[in-house]
Engineer: 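Pasting in a structure now, in structure tokens, and then I'll have a few things to ask.
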Amino acid sequence: MAEVLVYVDHVDGAVRKPTLELLTLARRIGEPVAVHLGPGAEQAAAVLGEHGAVKVLTADAPEFAEYLVAPKVDALQAAYEAVSPAAVLVSSSAEGKEIAARLAIRIGGGIITDAVDLEAGAEGPVATQSVFAASFTTKSRVSKGTPVITVKPNSAAPEAAPAAGTVEQLAVTIGEKSKGTKVVSRTPRESTGRPELTEAAIVVSGGRGVGGAENFPVIEALADSLGAAVGASRAAVDAGWYPHTHQVGQTGKSVSPQLYIAAGISGAIQHRAGMQTSKTIVAINKDAEAPIFELVDYGVVGDLFDVVPQLTEEIKTRKG
């Protein structure tokens with residue numbers, strides 16, 4: 001069976017959930033070979049092997065942290081040349097898509113971004129995408145070269161499938177051209193204790209109907225009761241009610257959680273483009289004609305300040 005490269009997204013060896021999803025999808029089209037760059041490979045190998053990685057190619061160099069993505073592309077290209085895979089899978093983060101695009105150019109392969117599903121095909125992997133603001137679902141495959149595919153988080157449930165997970169050192173030569181942009185400082189993001197927005201299984205978002213920054217604790221309380229991430233519409237972000245890093249939409253972040261709750265969001269196309277692939281969508285809005293109700297699984301017509309606190313209390317009661 002052909003091998004499939006999976007680029008590992010991790011923090012000092014702690015493997016992030018989207019990588020485990022990639023390993024699950026990779027097993028549909030071949031044998032997963034994980035590529036781990038940076039520290040913590042031994043720690044990560046156990047988790048990667050548990051989820052199907054037959055081997056883990058690893059390399060560590062200061063350039064991976066000191067410069068932007070180009071050194072990582074050098075390493076992934078070295079892995080590609082060592083393995084000759086049937087496909088390369090990368091998580092659809094901002095950095096992941098840049099790495100994937102650069103790699104596709106270098107190896108002369110085609111690229112598919114933001115896939116939400118993956119299956120084996122007679123002529124290569126077939127990727128499912130939601131396009132045109134999620135108004136259409138398409139299936140496509142790369143027709144020339146090795147496919148490089150980025151996959152949205154929450155596109156598959158991670159499944160354990162124990163494999164060898166043998167760690168092998170990867171020889172990497174980092175070119176001088178890859179050192180053109182140096183990282184001069186890093187500021188740790190302040191932790192809220194909530195899940196990362198793009199990776200969360202549940203997202204609760206507030207929009208114009210929230211009415212102001214002072215009212216967003218209502219949204220946060222519901223999110224915390226569910227163990228969810230907090231999102232916001234562009235209108236709420238533009239008004240300064242919530243940080244831009246939490247914006248969901250075409251000009252913000254694209255999410256695909258198991259459950260998406262939209263409170264006080266009308267459902268403009270800009271917002272829908274960033275959340276329409278969510279598995280289950282619930283909307284709370286006092287306007288029965290709001291466009292958001294066209295795509296929801298469940299809708300509540302009512303004032304969010306009446307509905308959301310009651311929902312929060314009910315969840316707390318049931319959990320307690």
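In this chain, residues are counted from 1 in sequence order. Since we're looking at a predicted model, the values are computed, not measured.
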Engineer: If we only count heavy atoms from C-beta on, is the Thr19 to His10 side-chain gap below 4.5 Å?
Structural biologist: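 Heavy-atom side-chain distance check fails, nothing below 4.5 Å.
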
Engineer: Take atom NZ in Lys182; do more than 12 heavy atoms of anything else shown fall under 6.0 Å from it?
Structural biologist: yes

Engineer: Distance check, rounded to the nearest 0.5 Å: Glu50 atom CD versus Leu20 atom CG?
Structural biologist: 8.5 Å

Engineer: May I ask you to say whether Lys279 pairs ionically with Asp297, meaning some side-chain N is under 4.0 Å from a carboxylate O?
Structural biologist: no

Engineer: Taking all non-hydrogen atoms of both residues, which atom of Arg272 and which atom of Pro291 are closest, and how far apart?
Structural biologist: NH1-O, 3.7 Å

Engineer: Output the distance between atom OH (Tyr7) and atom CG (Leu103), rounded to the nearest 0.5 Å.
Structural biologist: 11.0 Å

Engineer: Counting only heavy atoms not in Lys139 (residues, nucleotides, ligands), do more than 12 fall under 6.0 Å from its NZ?
Structural biologist: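 Check fails, neighbour count at 12 or below.
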
Engineer: Of the non-hydrogen atoms in Pro32 and Arg27, which two are nearest, and what is the gap between them?
Structural biologist: CG-CG, 3.5 Å

Engineer: Going only through I, L, V, M, F, W and Y residues with side-chain contacts under 4.5 Å, is there a path from Ile99 to Leu5?
Structural biologist: yes

Engineer: Are Leu259 and Leu295 joined in one hydrophobic group, where the rule is that I, L, V, M, F, W and Y side chains link up if heavy atoms are under 4.5 Å apart?
Structural biologist: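 As far as the 4.5 Å side-chain criterion goes, Leu295 and Leu259 are not connected within one cluster.
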
Engineer: I need the minimum non-hydrogen distance between Val203 and Ala228, along with the two atoms involved.
Structural biologist: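 Here Val203 and Ala228 meet closest at N-CB, 4.2 Å.
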
Engineer: Main chain of Ser266, side chain of Arg208: is a donor-acceptor contact present, judged purely on distance under 3.5 Å?
Structural biologist: no

Engineer: Has Glu199 got a side-chain atom pairing as donor or acceptor with Pro18's backbone, closer than 3.5 angstrom?
Structural biologist: no

Engineer: Could you tell me which residues satisfy side chain to side chain contact (heavy atoms under 4.5 Å, CB included) with Ala44, sequence neighbours excluded, listed by chain and number?
Structural biologist: Val15, His36, Leu48

Engineer: Is a donor from one side chain sitting under 3.5 angstrom from an acceptor on the other, for Glu21 and Ser155?
Structural biologist: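 The criterion, which ignores hydrogens and geometry beyond distance, is not satisfied for Ser155 and Glu21.
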
Engineer: Salt bridge (charged side-chain N to carboxylate O under 4.0 Å, His left out) between Lys179 and Asp74: does it pass, once the steps are laid out?
Structural biologist: CA-CA 11 Å; Lys179 302 176 184 179; Asp74 289 340; over 6 Å; no

Engineer: Would a single hydrophobic cluster contain both Val33 and Val167, if residues Ile, Leu, Val, Met, Phe, Trp and Tyr are joined by side-chain heavy-atom contacts under 4.5 Å?
Structural biologist: no

Engineer: So, does Ser256 use its side chain to make a donor-acceptor pair with the main chain of Thr277 at under 3.5 Å?
Structural biologist: yes

Engineer: Show the numbers, then the answer: is there a side-chain contact (heavy atoms from CB on, under 4.5 Å) between Leu118 and Leu89?
Structural biologist: CA-CA 10 Å; Leu118 196 61; Leu89 304 186; 3.8 Å; yes

Engineer: Val83 and Val35: side-chain contact (heavy atoms from CB on, under 4.5 Å), yes or no, with the steps?
Structural biologist: CA-CA 11 Å; Val83 172; Val35 181; over 6 Å; no

Engineer: Is any side-chain heavy atom of Ser233 closer than 4.5 Å to one of Ser205?
Structural biologist: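 Ser205 does not reach Ser233 side chain to side chain.
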
Engineer: Can you name the nearest heavy-atom pair linking Ile292 to Val296, along with the distance?
Structural biologist: O-CG1, 3.0 Å

Engineer: Indicate the atoms forming the closest heavy-atom contact of Pro158 with Thr24, along with that distance.
Structural biologist: CA-OG1, 3.5 Å

Engineer: Look at the side chain of Thr150 and the backbone N and O of Lys97, then say whether any donor-acceptor pair between them is shorter than 3.5 Å.
Structural biologist: no

Engineer: Are Val307 and Val230 co-members of a hydrophobic cluster defined by side-chain heavy atoms under 4.5 Å apart?
Structural biologist: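 Yes: a chain of side-chain contacts under 4.5 Å links Val230 to Val307.
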
Engineer: Where is the tightest heavy-atom contact between Ala115 and Ile149, given as atom of each residue plus distance?
Structural biologist: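 What the structure gives for the nearest pair is CB-CG2, 3.9 Å.
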
Engineer: Is it true that Glu81 and Arg106 make a salt bridge, defined as a side-chain N closer than 4.0 Å to a carboxylate O?
Structural biologist: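 So Glu81 does not pair with Arg106 through a salt bridge.
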
Engineer: Using residues 212-227 as the side-chain source, report each donor-acceptor pair under 3.5 Å to any protein atom, sequence neighbours left out, with the distance given to one decimal.
Structural biologist:
unit_1: Asn215; atom_1: ND2; unit_2: Val210; atom_2: O; d: 2.9
unit_1: Glu220; atom_1: OE2; unit_2: Tyr242; atom_2: OH; d: 2.6
unit_1: Asp224; atom_1: OD1; unit_2: Arg194; atom_2: NE; d: 2.7
unit_1: Asp224; atom_1: OD2; unit_2: Arg194; atom_2: NH2; d: 3.3
unit_1: Ser225; atom_1: OG; unit_2: Leu222; atom_2: O; d: 2.6

Engineer: Running the 4.5 Å side-chain criterion over Ile, Leu, Val, Met, Phe, Trp and Tyr, what cluster does Leu68 land in, apart from itself?
Structural biologist: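 Joined to Leu68, directly or through intermediates: Val183.
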
Engineer: So for atom NZ, which belongs to Lys286, do other residues, nucleotides or ligands contribute more than 12 heavy atoms lying within a distance under 6.0 Å?
Structural biologist: no

Engineer: Is there a path from Leu197 to Ile265 through hydrophobic residues (I, L, V, M, F, W, Y) whose side chains come within less than 4.5 Å of each other?
Structural biologist: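 Per the 4.5 Å side-chain linkage, Leu197 and Ile265 are co-clustered.
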
Engineer: With the side chain counted from C-beta on, respond yes when Asp114 and Ser254 share a heavy-atom pair under 4.5 Å apart, and no when they do not.
Structural biologist: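 Of all side-chain heavy-atom pairs linking Ser254 with Asp114, none is under 4.5 Å.
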
